[in-house]
Amino acid sequence: MEAPEKSVVEPLVAAVVQATNSSRFLVFNSKTAEPLTHHQVELTQEFPKEGWVEQDPKEIIQCTYECMERTCEKLNELNIDLSNIKAIGVCNQRETTLIWDKLTGEPLYNAVAWLDLRAQATVEKLSKQIPGNNNFVKSKTGLPLSTYFSAVKLRWILDNVQAVQTAVEEGRGLFGTIDSWLIWNLTGGVNGGVHCTDVTNASRTMLFNIHSLEWDKELCDFFEIPMNILPKVCSSSEIYGKMKVGALEGIPISGCLGDQSAALVGQMCFQEGQAKNTYGTGCFLLCNTGRKCVFSDHGLLTTVAYKLGRNKPVCYALEGSVAIAGAVIRWLRDNLGIIETSEEIETLAKEAGTSYGCYFIPAFSGLYAPYWDPSARGIICGLTQFTNKSHIAFAALEAVCFQTREILDAMNRDCGIPLSHLQVDGKMTNNKILMQLQADILHIPVIKPTMPETTALGVAMAAGAAEGVDVWSLKPEDLSTVVMERIEPRVEAIESENRYATWKKATMKSKGWVTTQSPESEDSAAFSSLPLGFFIVSSMIILIGARYISGIP
């Protein structure tokens, strides 16, 4: 019996989406922008110490391979020939930092995740070295000096991991954000893998000059980072190399975007003043500022939005970053056990219909924009005997929306023209309670695409549009119309303002919770954590000894 002929379809473009909590691989029709199939695998995170967040680089690449293989199997089941895939794009969690051995391909340390706080002492030390009247770090990078960004994570690794120090000294070490690690492996690894990144990911390292679009020697000298370990910086849409592994061998990898830039492209925010908010592990609101670098006076970041071709202009964005959004749902599931799946949060919150005066500040990794306070910690306040897990679930969803309100207020002040609506995307937007709360708290409509995979779509567009691939037109008249759902506010503005004011009051309570510990204070902390019985017995021994020495019976 003959095998059925494979279906002839429009050119397809695939997307690797390496998020904080999962790996995904999706395939899109380049003419309709519709997803055909996908596969997703959840990733683990490691928390070796308080404030430390790590991931296994080997797990990340293996999960990517698994997603690719399973998606190819699904295409075969749909009778679609893999040769229809003309390009692959890569988008990723940003700032997460890793370093590996270019001779063996082995990671030299776990990936230090963007949420990690271990480098706070490094930040404080470096802050003292920046002249008060010349913050050259922010003026060149658009970023505040923070544990969030890659340079201080890399500095910590170089200072604390002997294997990394040795590899760098011997010329074997390569640094990269997750996109670099993926592209290097997918294009051959130790057998000629391409060590590169794109301008959007480079702009999150604090080593990249967002004006000249190059690694900056003054910044590298300041952070004491050797420039020979850095990847080549490319545009977001060009052929970097070809797949050297698996069923997709030979297909060009031709798109690379940090996940938030990919979502901006996927939401078609190509005009100055257009903005989107993505609800993932964190929450990220980006506003396209066109070819102008707009510096914020209200705690926002200036970042590279995209550069869709070697010879195309760079576009910038203002960004508000919230560390904890979907991560608070995962925390309720994994740490407190009040839900078994992330989807249950909607049902639980619906049961309450209100937080009943309970407010949740999920500052697990400090507060990001607009505060930039690494000493903040999470609190739940306004509790009474009536409060139950449903109210806490509702308060957790409200927390995501209140944090977005803070970012939007800052962006409106910086841009001068308030947004009339908010475009949203990300898996959390499937939560109807969350989306209604967001519209109520912002008191403007929320616009949600019916196809939520805009991050994957954005990098697929960049890959398909690359010179030499040319299967996806980015001309405005050729872009597919995205079907949107509009959620209108349902509460009075005064109610929104009152709830927001109480949230701000609660946020102030979370600030300044911890201070950086010196090695001496860490010893003190370890000493103070000893059981009470230790101190009672020790005190008795000291007292008996003192009485004996002084001759007191």
Side-chain angles (χ1 to χ4, degrees), residues 90-92 94-95 97 114 123 126-127 129-131 133-146 148-155 174-180 183 194-240 254-262 264-265 270 272 286-297 300-319 321 414 462 466-467:
V90 174
C91 71
N92 56 287
R94 304 168 301 168
E95 300 94 19
T97 300
W114 58 277
V123 168
L126 290 168
S127 296
Q129 299 173 24
I130 298 176
N133 59 350
N134 177 25
N135 189 342
F136 66 95
V137 174
K138 186 168 185 179
S139 64
K140 288 186 174 195
T141 67
L143 311 174
L145 194 58
S146 166
Y148 182 17
F149 307 107
S150 305
V152 292
K153 300 179 193 298
L154 181 55
R155 182 67 260 151
L174 295 179
F175 155 77
T177 42
I178 296 294
D179 57 305
S180 298
I183 292 172
V194 178
H195 186 217
C196 70
T197 188
D198 90 301
V199 290
T200 66
N201 282 294
S203 75
R204 313 297 291 193
T205 62
M206 244 191 306
L207 301 170
F208 184 72
N209 189 314
I210 61 174
H211 310 288
S212 66
L213 302 183
E214 295 175 329
W215 298 122
D216 189 284
K217 187 176 185 307
E218 184 182 16
L219 291 169
C220 290
D221 288 346
F222 176 70
F223 290 104
E224 298 182 75
I225 304 296
M227 296 184 77
N228 64 336
I229 70 172
L230 304 178
K232 176 186 176 184
V233 182
C234 304
S235 75
S236 308
S237 178
E238 61 181 86
I239 296 175
Y240 314 110
S254 53
C256 180
L257 286 161
D259 52 8
Q260 303 313 317
S261 289
L264 194 74
V265 173
F270 293 122
E272 188 176 333
L286 268 69
C287 180
N288 189 331
T289 62
R291 300 185 192 183
K292 302 192 300 288
C293 267
V294 176
F295 283 83
S296 173
D297 295 321
L300 303 183
L301 311 177
T302 304
T303 197
V304 175
Y306 51 79
K307 186 179 190 296
L308 296 174
R310 289 182 188 176
N311 301 314
K312 297 293 176 65
V314 64
C315 286
Y316 297 94
L318 271 176
E319 175 175 339
S321 308
D414 279 326
E467 185 179 348

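What you see below is based on every heavy atom in this structure, not just the backbone, and it leaves out hydrogens, waters and symmetry mates.
Of the residues Arg310, Lys307, Lys312, the one that meets the salt bridge (Lys or Arg N to Asp or Glu O under 4.0 Å) test with Glu238 is Arg310. The residue from Ile229, Leu230, Thr205 that alone fulfils the side chain to side chain contact (heavy atoms under 4.5 Å, CB included) condition with Cys220 is Leu230.
Classified by interplanar angle (parallel below 30°, tilted 30° to 60°, perpendicular above 60°), the ring pair Tyr148/Trp114 is tilted.
In this structure, the separation between OG1 on Thr200 and CG on Asn92 is 7.0 Å, given to the nearest 0.5 Å. The structure places CG of Leu207 at 11.5 Å from OG of Ser203, a figure rounded to the nearest 0.5 Å. Rounded to the nearest 0.5 Å, atoms NZ (Lys138) and OG (Ser146) are 11.5 Å apart. Rounded to the nearest 0.5 angstrom, Leu301 CG and Leu143 CG are separated by 6.0 Å. Residue Lys140 holds its NZ atom at 3.5 Å from CG of Asp216, rounded to the nearest 0.5 Å. Rounding to the nearest 0.5 angstrom, the gap separating the CG atom in Leu264 from the SG atom in Cys287 is 8.5 Å.
Here the side chain of Ser261 pairs a donor or acceptor atom with the backbone of Ala305 at under 3.5 angstrom. Side-chain N or O atoms of Thr302 include one that pairs as donor or acceptor with a backbone N or O of Val294 at under 3.5 Å. Checking side-chain atoms of Trp215 against main-chain N and O of Ala202 turns up no donor-acceptor pair under 3.5 Å.
Side-chain contact between Leu174 and Pro231 is absent, with no heavy atoms from C-beta onward closer than 4.5 Å. Using a 4.5 Å cut-off on side-chain heavy atoms (C-beta onward), Tyr240 and Val90 make no contact. Side-chain atoms of Val137 and Phe149, non-hydrogen and from C-beta on, never get closer than 4.5 Å to each other. A 4.5 Å side-chain heavy-atom check between Ser180 and Phe175 finds every atom pair outside the cut-off. Side-chain atoms of Asp414 and Asp297, non-hydrogen and from C-beta on, do get closer than 4.5 Å to each other. Residues Leu308 and Phe270 form a side-chain contact, since some pair of their non-hydrogen atoms from C-beta on lies under 4.5 Å apart. Taking the side chain as every heavy atom from C-beta outward, Tyr306 and Asp198 never approach each other to under 4.5 Å. In this structure, the side chains of Val233 and Leu213 stay at 4.5 Å or more apart for every pair of heavy atoms.
Leu219 and Thr141 get closest at one heavy-atom pair: CD1-CG2, 3.6 Å. The two residues Ala262 and Cys91 have their closest heavy-atom pair at CB-CB, 4.0 Å. The minimum heavy-atom distance linking Met206 with Val152 is given by the pair CE-CG1, 4.5 Å. For Phe222 against Leu126, the heavy-atom pair with the smallest separation is CZ-O, 3.5 Å. Between Pro313 and Arg291 the shortest heavy-atom distance is CG-NH2, 3.5 Å. Taking every heavy atom of both residues into account, Leu257 and Asn201 meet most closely at C-ND2, 3.7 Å.
By the salt bridge (Lys or Arg N to Asp or Glu O under 4.0 Å) test, Glu319 pairs with Arg94, Arg204, sequence neighbours left out. With sequence neighbours excluded, no residue satisfies ring pair (Phe, Tyr, Trp, His ring centres under 6.0 Å) with Phe223.
Looking at Glu95 and Lys153, no side-chain N of the basic residue comes within less than 4.0 Å of a carboxylate O on the acidic one, giving no salt bridge.
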